[in-house]
There are 2 protein chains.
Amino acid sequence: MRADARRNAERLLGSAHEAFGERGVHTSLEDVARRAGVGIGTLYRHFPTREALLEALLGQRMLDLGALAERLLATEPPARALAEWLRAVVQHSMTYHGVAASLMVGMLDETSELGVSCAVMRRAGAEVLAAARRAGVVRPDAEAVDLLVLANGIAWAAENSSCGQPRIDRLVSILLTGLLVA
Amino acid sequence: MRADARRNAERLLGSAHEAFGERGVHTSLEDVARRAGVGIGTLYRHFPTREALLEALLGQRMLDLGALAERLLATEPPARALAEWLRAVVQHSMTYHGVAASLMVGMLDETSELGVSCAVMRRAGAEVLAAARRAGVVRPDAEAVDLLVLANGIAWAAENSSCGQPRIDRLVSILLTGLLVA
DNA sequence: ACCTGAACACCGTTCAAGT
DNA sequence: ACCTGAACACCGTTCAAGT
């Protein structure tokens, strides 16, 4: 790739992170291009869809969540690893306003654009859940996708209105109580 | 109201129900007007916003959910009333594709356009929850809005992809397990 | 009093021309 | 090889003219 093209791609990612952070993932793509100082066509050349831009922004974080799962499983008891990891997933799905919806689609539809990156999370979720199941601390009918769907649902609720951190914590707690067996 | 105006309003509601059902709540309003055989201006005259149209369509159903809460509380033990009512709320939030998002805003923001109709549900949820709390079958820190937020989150997950009824039932079951105390 | 639909605005997306 | 931005398409919303 030519040096100026690479620089443009990086500037676009920086601008997108900034714009998505300030105005949500549905902000105008013209806005993103303008902030990066490039034409709208350049944005489309590098990132043919809004989801492609999102995938580039979230991909590394999803890998981080995979690594977090490994670390938690190595150092914490399974129930605690599950709890901590789910909290991190909820926070991740709140990175940008509106991103929970894209992640939900990615979780449930493996062929979607975010589906590839989400596969990392599905696998991590499955491992965390499997460990909890082996330890007998989780209801046996729960599936990994269930965790991710509920975590995303909570994140989506939180981003959708004046839903403060205390409520988020309580919702996660309710979810965990529902998953874990006494 | 003039007879033709009333007839137009009714035709618009019928067309909106049909169009929202087939294509989701984000279908073009031109589409709704066309199906009703009226100009787009007439749609805007009767229903100044998409949310106003939704409110007219969902208002009666929300009253029905309030009545269902009363009936369940009169005939069922509190834990069962809570379970049944939550299931009905999830189904209600799946009436049209995309409606869970509008209802979530209505639940959490009382000043929103759907907030008025949602007040009925907030009150019904509070009564169902209060009965369960008096019976000591529910965790004491749960709030009525928590129920509605989680139910909406499940409905939203369900409408967002190939999330079948078995998964929906399991998600509701996890939610209930998290709410109820043994 | 109500209805109509042309007109305007806004944004997503493409592509011919330029460097 | 890449960039630009004008051009086109689509849809939401308003409002002057008509009935």
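In what follows, chains carry the letters A, B, and so on, assigned in the order in which the sequence lines appear, proteins first and then strands, with residues in each chain numbered from 1.
With rounding to whole Å, B/Arg45 atom CZ is found 14 Å from D/dA16 atom P. Atom CZ in B/Phe47 sits about 15 Å away from atom C1' in C/dC2, given to the nearest Å. Atom C1' of nucleotide C/dT4 and atom CD of B/Glu30 are separated by 12 Å, given to the nearest angstrom. As a whole-Å value, the separation of A/Arg23 CZ from C/dC10 P is 13 Å. Here C/dC10 presents its P atom at 12 Å from CZ of A/Arg34, a figure rounded to the nearest Å.
Map A/Thr49 and B/Val38 each onto its nearest nucleotide of DNA chain C; the residue landing nearer the 5' end is B/Val38.
With 3.5 Å as the limit, one finds a donor-acceptor pair spanning the side chains of A/Thr49 and A/Glu113. When only modelled atom types and interatomic distance are considered, B/Thr42 and B/Asn8 share no side-chain donor-acceptor pair under 3.5 Å.
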Point to revise | Test salt bridge (Lys or Arg N to Asp or Glu O under 4.0 Å) applied to B/Arg35 and B/Glu30, step by step | key: CA-CA 9 Å; B/Arg35 287 177 194 242; B/Glu30 293 271 7; over 6 Å; no

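Using a 4.0 Å heavy-atom criterion, one finds that A/Thr42 contacts the bases of the nucleic acid, with or without backbone contacts as well.
The A/Ile40 side chain lies nearest to D/dA6 when the options are C/dC2, C/dG12, D/dA6.
Here B/His26 does not reach the OP1 or OP2 of D/dC11: none of its side-chain N or O atoms lies under 4.0 Å away.
Across all strands shown, C/dG5 forms a Watson-Crick or G-U wobble pair with D/dC15, both key distances being under 3.5 Å.
Using bins of under 30°, 30° to 60° and over 60° for the plane-to-plane angle, the ring pair B/Trp156/A/Trp156 lands in the parallel bin.
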